Asker: 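Right, I'll just put the structure down here and ask away after.
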Amino acid sequence: MDKKKGRYNFNAVEKKWQQFWQEHKTFRARDDDKSIPKYYVLDMFPYPSGQGLHVGHPEGYTASDIVARYKRMKGFNVLHPIGWDAFGLPAEQYAVSTGADPKETTQKNIDNIRQQIKALGFSYDWDREINTTDPNYYKWTQWIFLKFFNSYFDETERKAKPIEQLPIPAGLSEAEKQKYVNAHRLAYEAEVPVNWCPALGTVLANEEVVGGLSERGGHPVVRKPMRQWMLRITKYAERLLEDLDEVDWPESIKKLQTDWIGKSIGAEVNFKVDGFDEDIWVFTTRPDTLFGATYMVIAPEHPLVDKITSEQRRKAVQKYRERAARKSDLDRTDLAKEKTGEPIGAYATNPVNGEKIPIWVSDYVLLSYGTGAIMAVPAHDERDFEFAKKFNLPIIPVVEPQDSEQSELVKQGKLCFVGDGKAINSGRFDGLSTAEFKEKITNWLEENGLGRKAVNYKLRDWLFSRQRYWGEPFPILHTENGNVIGLSEEDLPLELPVVKNYRPSDTAQSPLANVDDWVNVVLPDGSKAKRETNTMPQWAGSCWYYLRYLDPNNNQRICDTEKEKYWMSGGGVDLYVGGAEHAVLHLLYARFWHKFLYDLGYVSTREPFKKLVNQGMILGQDGQKMSKSRGNVVNPDKVVADYGADSMRLYEMFMGPLEATKPWNMQGVEGVHRFLQKVWRMVVNEDTGELIEAIKETQADEPTLRLLNQTIKKVGDDIESFSFNTAISAMMIFVNHLGKQPVRSKSVIEKFILILSPLAPHIAEELWEKLGHKDTLAYESWPEYDEGLIKEKEIELAVQVNGRIRDRIVIAAEADEEQIKQKALSSEKVTAAIADKELKKIIVIKSRLVNIVLSI
RNA sequence: GCCGCGGUGGCGGAACCGGCAGACGCGUAGGUCUCAAAAACCUAUGAGGGCAACCUCAUGUGGGUUCAAUUCCCACCCGCGGCACCA
């Protein structure tokens, strides 16, 4: 057993400093002096699950904490908050199966996870802790929803405005007016298909449906149309796309969002239905292929189908539509699937050449994209080509590829060519390039009233309601006469009622529908109304939480304007760290809400998160994803108990690049733990617990000073670029050197402790105290380094002959090229390698190498 | 199928903007200390060859550009992530 009382006792040290920080509120962010430059470091707040933290969470938290601590030492007023994204399914499912109140389980889980987080020594401002399930918090989530409900999107100014400012066309009746207004609200109701699982008797979120079956139990899931709340995110598609330019995010994430929004530019073209006074509009990105349109396809659900289908075809078409409607998601995504469809016995006129072409229905055309109808150009669209082949429809080539071999096949109708080329079979447009043709034909269509330039997005409006209990209730009432009204702000928060049973009602409505005395309301005028019984999705609370941290206890506003201006200045949150799994949904939704709040003047920046960094996944020791069933889960509590929080933090950062996926290795933890032991022994006499005798108030020798300055620079630079693994490596090199020195300069040790402190704060505080300092080092200045001291006096250069290293020379750092050449050529090994061959040239890369090139 | 990211010793990884591949850590082997062990410390450690000085090969595979390629270009293989008929 260890008898030495001065050994590194991480348990005691960590407990001591965590308590110190808490008691002194060391990391409280200041709101009182807005002249101090601010830095806002944000973590994606966790869902407080019953499982507690896994080692993946602390990875991101450690990275952000290092930056937070570093920035404090750099003189910034740092805001580094944490909270709980506590609505969500697991608590509700637990409630369904056990009857436990989700409020209570959630509270218990939060208490547990908070304690886990505190044990890791993160420098959070605990006075700003938030919880999305707290009525004082969700009051404002509901408030934002009401703003959506009470706003419309002004197309010319491209921004949201209060609904009272919506221009209403003259001559509408009261009812029509109401309808008109409702149709323009940014939060609106619609009948949309949801994932209904009859076996479970509940509606599932998309992420709970895997391959057409419920994630739990594997029961079939069908699409069922239900009344839902939607948010008009599509109005913001263009701005969400444009403003990606102004954020400092990984390119890959920007790309995912760009693809998700899916902008395409083309034209809308009008086809007249033969024998009917009806138009079919189609959207195409290839108006230049109009002359090659040989048929049309409309989506099975298209409203025009009923009207224009011929009597002879009606039965078959009806049957097809029913079959299509029954298709599950699984069938739709089936790759090997053959194209199906039915002609509807109607024809349309191609506006460019007057040709009559047949109209078909097929489920490869989606009602939800574009106009729900297409012109089919089999020669130049893979899907149309496949369909035309199957049903023997004509294929007319109208674009000639450059490649003559390809061109031949295309002309024979044997090859589908989707690239750009030269126009053929297109009347007076023949010979034009694809780009020119697009431009000309679009203008021509516009001039003749047959079409117009058009833009489409893949992005759909956001299905914002869930048929659940454990979420924010909508502040909405449905009146007897069928109108929908929002609560007034004074009535917020609308709290969740206590329920006896968390099971969904059998009509696929949320459990709230069963709470009669909550649902039924009498309005001031004596009329009756019912509350909306859907609740908001988990995304709602996380869409704006970063704003609440700015002013978490404000009862008058989501946050104070001045505080918002201060903390969000410079483009929003300065650093946002979290998992890449939120690349699209959370980050897109939050950006959407932020822009909306910006339009209404509640925030001052166009974007919420200036810089984004994703941490990678941590795998189990076996290289597999951590999971209970594999038994490879590493519990952070155990690591902290065995090696301490500082070792845990250091190891998580030392494993490899922050963004990389990497396997856990307990021996690696021991490695960094040994490093901390070494640091301890470098400063402390293990027998006495006092400062070690080797530490003297002296000037350090030159190599030590040089290494110290190099290390300060390297660690600072690496923290700025999130290369924590190499920062740690640099510190290890330093400790390996200094630990061997019999005399250690106190000021050198102090500087080292300071640069270690953001990464391993507890041991650093303890050693700082042992070095005679009374107060926390959290606000000490980050050490400066001296560029002059960093430079080596002599450097070693490799000497290559024809690219192969033959010798090394040591030479003064300031030696010029000529001197280096001379020295290199005078090397015996080099002369031997040159022998009698002729010297062609000598390449000198200062401070790197010399390459002597010989002619062969 | 399309898009994105990656592939370096026994393992995690390092390498500025094309300039000495393998920093740092783990593991392994040998040693010091010890009655012994643990801890700590020291030495070695990509592969092959040679008594040795040294030599050759080596960053997924095959080509190319260059005085010089892990780094740039082309083709391909493998792994991971995302999307899924978006006209």
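The model shown is predicted, which means the values in this text are computed figures rather than measured ones. Every chain is numbered from 1, with letters handed out A, B, ... down the list of sequences.
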Asker: Taking only the side-chain heavy atoms of A:Met732 (C-beta and beyond), determine which of B:rA87, B:rG25, B:rC26 contains the nearest atom.
Answerer: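 Nearest to the side-chain atoms of A:Met732, counting from C-beta on, is B:rG25.
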Asker: Can you tell me how far P of B:rA38 sits from CD of A:Gln677, to the nearest Å?
Answerer: 17 Å
Asker: Hey, mind stepping through A:Lys389 and A:Glu386 against salt bridge (Lys or Arg N to Asp or Glu O under 4.0 Å) and telling me if it holds?
Answerer: CA-CA 5 Å; A:Lys389 282 277 186 198; A:Glu386 203 186 308; over 6 Å; no
Asker: Within the structure, does a side-chain N or O atom of A:Arg848 lie under 4.0 Å from either OP1 or OP2 of B:rA68?
Answerer: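 False: A:Arg848 side-chain N/O out of range (4.0 Å or more) of B:rA68 OP1/OP2.
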Asker: Choosing from B:rA14, B:rG19, B:rC24, which nucleotide comes nearest the side chain of A:Phe654?
Answerer: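 The closest nucleotide is B:rC24.
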Asker: Here's a test of your reading of the structure: between A:Ile733 and A:Tyr651, which maps to the more 5' nucleotide of RNA chain B?
Answerer: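 Mapping each residue to its closest nucleotide by heavy atoms, the 5'-most match is A:Tyr651.
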Asker: For a salt bridge (Lys or Arg N to Asp or Glu O under 4.0 Å) check, start with the C-alpha distance between A:Glu342 and A:Arg321, then their side-chain angles and the critical distance, and finish with the verdict.
Answerer: CA-CA 9 Å; A:Glu342 289 288 343; A:Arg321 294 179 81 187; over 6 Å; no
Asker: Which nucleotide, B:rA87, B:rA40, B:rG13, lies nearest any side-chain atom of A:Arg674?
Answerer: B:rA40
Asker: Rounded to whole angstroms, how far apart are NZ on A:Lys662 and P on B:rA14?
Answerer: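 Atom-to-atom, A:Lys662 to B:rA14, this comes out as 10 Å.
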Asker: Partner lookup for B:rC17, please. Criteria are Watson-Crick or G-U wobble with both distances under 3.5 angstrom; report none if nothing qualifies.
Answerer: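 When the pairing criteria are applied, nothing turns out to pair with B:rC17, so the answer is none.
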Asker: Tell me if B:rG9 is syn or anti. Syn = glycosidic torsion within 90° of 0, anti otherwise.
Answerer: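 Nucleotide B:rG9 adopts syn.
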Asker: Let's see if you can work this out: which of B:rC67, B:rC41, B:rC42 has an atom nearest to the side-chain heavy atoms of A:Arg681?
Answerer: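 Comparing B:rC67, B:rC41, B:rC42 against the side chain of A:Arg681, the answer is B:rC41.
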Asker: Now, which nucleotide makes the Watson-Crick or G-U wobble pair with B:rU70, with each of the two distances under 3.5 Å?
Answerer: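 When the pairing criteria are applied, nothing turns out to pair with B:rU70, so the answer is none.
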Asker: Looking at the side chain of A:Lys255, which of B:rG4, B:rA87, B:rG25 is the nearest nucleotide?
Answerer: B:rG4
Asker: Closest approach to the side chain of A:Leu256, judged atom by atom: which nucleotide of B:rU56, B:rG82, B:rC67 is it?
Answerer: B:rG82
Asker: Let me spell it out: for each of A:Ala798 and A:Ala660, pick the nucleotide of RNA chain B with the closest heavy atom. Which residue's pick is nearer the 5' end?
Answerer: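 It is A:Ala660 whose nearest nucleotide is closer to the 5' end.
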Asker: Checking contacts here: which listed nucleotide (B:rG13, B:rC3, B:rA87) is nearest the side-chain heavy atoms of A:Asn725?
Answerer: B:rG13
Asker: A:Met653 has an atom CE; how far is it from atom C1' of B:rG13, in whole Å?
Answerer: 15 Å
Asker: Is A:Lys263 touching bases, backbone alone, or none of the nucleic acid, heavy atoms closer than 4.0 Å?
Answerer: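 If one applies the 4.0 Å heavy-atom cut-off, A:Lys263 turns out to touch nothing in the nucleic acid.
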Asker: Of the candidate nucleotides B:rC67, B:rC41, B:rA23, which contains the atom at the shortest distance from the side chain of A:Asn851?
Answerer: B:rC67
Asker: Just by distance, with hydrogens left out, do A:Asn632 and A:Gln621 show a side-chain donor and acceptor under 3.5 Å apart?
Answerer: no
Asker: Would you say the side-chain atoms of A:Asn456 and A:Ser264 include a donor-acceptor pair closer than 3.5 Å?
Answerer: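 On atom types as modelled, these side chains do not qualify, holding no pair under 3.5 Å.
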Asker: Provide the Watson-Crick or G-U wobble partner of B:rA39, both distances under 3.5 Å; none if there is no partner.
Answerer: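 Check on B:rA39: unpaired, no WC or wobble geometry under 3.5 Å.
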Asker: Quick one: is the NZ or CZ of A:Lys339 closer than 6.0 Å to the six-membered ring centre of A:Tyr364, and within 45° of its axis?
Answerer: yes
Asker: Could you check which nucleotide pairs with B:rA47 in any of the strands shown, counting Watson-Crick or G-U wobble with both distances under 3.5 Å?
Answerer: B:rU56
Asker: Take atom CD1 of A:Ile790 and atom C1' of B:rC16, then tell me their distance rounded to the nearest Å.
Answerer: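 Computing the A:Ile790:CD1 to B:rC16:C1' distance gives 14 Å.
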Asker: Would you mind pulling out the nucleotide paired to B:rG12, Watson-Crick or G-U wobble, both distances under 3.5 Å?
Answerer: B:rC24
Asker: Please tell me if A:Arg804 has a side-chain N or O lying less than 4.0 Å from either OP1 or OP2 of B:rC55.
Answerer: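 No.
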Asker: Report the base-pairing partner of B:rC80 (Watson-Crick or G-U wobble, both distances below 3.5 angstrom), or none.
Answerer: B:rG4
Asker: Can you identify which nucleotide, out of B:rA87, B:rC24, B:rA14, has its nearest atom closest to the A:Tyr369 side chain?
Answerer: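 Minimum distance to the A:Tyr369 side chain belongs to B:rA87.
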Asker: Starting the side chain at C-beta, find the nucleotide from B:rA87, B:rG13, B:rC26 nearest to A:Ser264.
Answerer: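 My answer, after comparing the listed nucleotides, is B:rA87.
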Asker: Have A:Arg460 and A:Ser368 got a donor and an acceptor in their side chains that come within less than 3.5 Å?
Answerer: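 Side-chain D/A pair, A:Arg460 to A:Ser368: present.
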